[in-house]
Amino acid sequence: MRLMGKKTRDGKTDMAELLILVGTESGNAEMVAEKLRDDLGLVGYQVEIKTDFSDVERVFVDRELVLVCCATRGSGDLPDNILPLKMHLDAVPQYLGHIRYGVIALGDQSYDETFCGGGKLLDETLADLGATRIGERLEIDACSEQAPDEVALAWCRDWVTQL
Ligand SMILES: Cc1cc2nc3c(=O)[nH]c(=O)nc-3n(C[C@H](O)[C@H](O)[C@H](O)COP(=O)(O)O)c2cc1C
């Protein structure tokens with residue numbers, strides 16, 4: 001993976017900032033996000049993992065690059081921790097044309113029609129608000145897949161080359 005960063009006016013290289021929005025109920029998605037943070041940190045990304053959405057109105061302020069890493073609950077629903085973000089974006093729509101994003105959706109294939117519904121919901125929401133998705137959405141069957149974090153890491157290494 002190439003080293004990432006942007007040049008400042010004095011010629012130094014700023015670390016590229018990436019915000020990972022994690023929707024999780026029992027920790028799988030957070031575990032995946034932590035794996036990505038550790039790996040991307042090695043190639044020059046400054047990664048922040050967000051699991052607490054009590055400050056929903058500030059999530060996209062001063063951000064350009066976002067990775068959604070979200071599990072699914074209920075019947076294709078979002079985990080409780082990230083639900084406030086979706087509710088806020090629905091209630092107070094904001095233009096997100098400055099945001100480029102990727103999506104890692106975790107689910108269980110046996111849920112069939114609602115497979116990875118949480119990640120899909122956020123993908124649709126961000127796209128509707130004008131954000132640009134980079135690459136294809138990754139959908140992981142976290143129940144049959146032995147190492148969802150490794151699958152996500154391989155996807156992510158390719159994803160950053162598309163940025
Ligand atoms: C009560 C419950 C409901 C679920 N509903 C769905 C679903 O509708 N679609 C899906 O793809 N996965 C569903 N799953 C599977 C989870 O998304 C999957 O196990 C995921 O890895 C959990 O990640 P987390 O530990 O980050 O919460 C459900 C799991 C539970 C326990």
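Sequential numbering from 1 along the given sequence is applied to the chain's residues. Counting starts at 1 for both ligands and their atoms, following the listed order.
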Colleague: Give the residue, atom name and distance (to 0.1 Å) of the protein heavy atom nearest atom 25 (O) of ligand 1.
Modeller: Ser26 OG, 2.5 Å
Colleague: Note the single closest protein heavy atom to atom 5 (N) of ligand 1, along with its residue, its atom name and the distance in Å.
Modeller: Gly74 O, 2.9 Å
Colleague: Regarding Asp39 and Lys35, does a basic nitrogen lie under 4.0 Å from an acidic carboxylate oxygen?
Modeller: no
Colleague: Among Leu67, Val59, Thr51, exactly one meets side-chain contact (heavy atoms from CB on, under 4.5 Å) together with Leu21. Which residue is that?
Modeller: Val59
Colleague: Considering heavy atoms of the protein only, find what lies nearest to atom 17 (O) of ligand 1 and give residue, atom and distance to 0.1 Å.
Modeller: Thr72 O, 2.7 Å
Colleague: Strictly below 4.0 Å, N to O, side chains only: are Glu48 and Lys50 in salt-bridge contact?
Modeller: no
Colleague: What do you reckon, does Gly107 have a nitrogen or oxygen under 3.5 Å from a nitrogen or oxygen of ligand 1?
Modeller: no
Colleague: Give a yes or no on whether the backbone of Val22 and the side-chain of Glu30 come within a donor-acceptor separation of less than 3.5 Å.
Modeller: no
Colleague: Which heavy atom of the protein is the closest neighbour of atom 19 (O) of ligand 1, given with residue, atom name and distance?
Modeller: Cys143 SG, 3.8 Å
Colleague: So which heavy atom in the protein is nearest atom 9 (N) of ligand 1, and how far is it from that ligand atom?
Modeller: Thr114 O, 2.9 Å
Colleague: To which protein heavy atom is atom 21 (O) of ligand 1 closest, and what is the distance rounded to 0.1 Å?
Modeller: Asn28 ND2, 2.9 Å
Colleague: Numbering the atoms of ligand 1 from 1, which are under 4.0 Å from a heavy atom of Leu106?
Modeller: 17 (O)
Colleague: Short N/O distance, under 3.5 Å, between Asp77 and ligand 1?
Modeller: no
Colleague: On a heavy-atom basis, I'd like to know which of Lys120, Arg73, Glu25 is closest to atom 31 (C) of ligand 1.
Modeller: Arg73
Colleague: Measuring from Ser26:OG to Met31:CE, what's the distance to the nearest 0.5 Å?
Modeller: 9.5 Å
Colleague: Which ligand 1 atoms are under 4.0 Å away from a heavy-atom of Gly76?
Modeller: 7 (C), 8 (O)
Colleague: For Glu136, does its backbone N or O pair with a side-chain atom of Trp155 as donor and acceptor, under 3.5 Å?
Modeller: yes
Colleague: Has His98 got a side-chain atom pairing as donor or acceptor with Phe60's backbone, closer than 3.5 angstrom?
Modeller: yes
Colleague: Taking only heavy atoms of Cys116, which atoms of ligand 1 are found under 4.0 Å from at least one of them?
Modeller: 10 (C), 11 (O)
Colleague: Strictly distance-based, threshold 3.5 Å: is any side-chain N or O of Thr114 a donor or acceptor partner for the main-chain N or O of Ser75?
Modeller: no
Colleague: Of the protein's non-hydrogen atoms, which lies at the shortest distance from atom 10 (C) of ligand 1, and what is that distance?
Modeller: Asp108 N, 3.4 Å
Colleague: In the protein, which heavy atom is nearest to atom 23 (O) of ligand 1, and how far is it?
Modeller: Ala71 CB, 3.2 Å
Colleague: Looking only at distances, please establish whether an N/O atom of ligand 1 is found under 3.5 Å from an N/O atom of Gly23.
Modeller: no
Colleague: Passes side-chain hydrogen bond (donor to acceptor under 3.5 Å, both in side chains), Thr125 versus Asp128? Steps please.
Modeller: CA-CA 5 Å; Thr125 301; Asp128 284 350; 5.8 Å; no
Colleague: If the cut-off is 4.0 Å to any non-hydrogen atom of Ser75, which atoms of ligand 1 fall inside it?
Modeller: 8 (O)
Colleague: Could you say whether the N/O atoms of Thr24 and ligand 1 ever approach to under 3.5 Å?
Modeller: yes
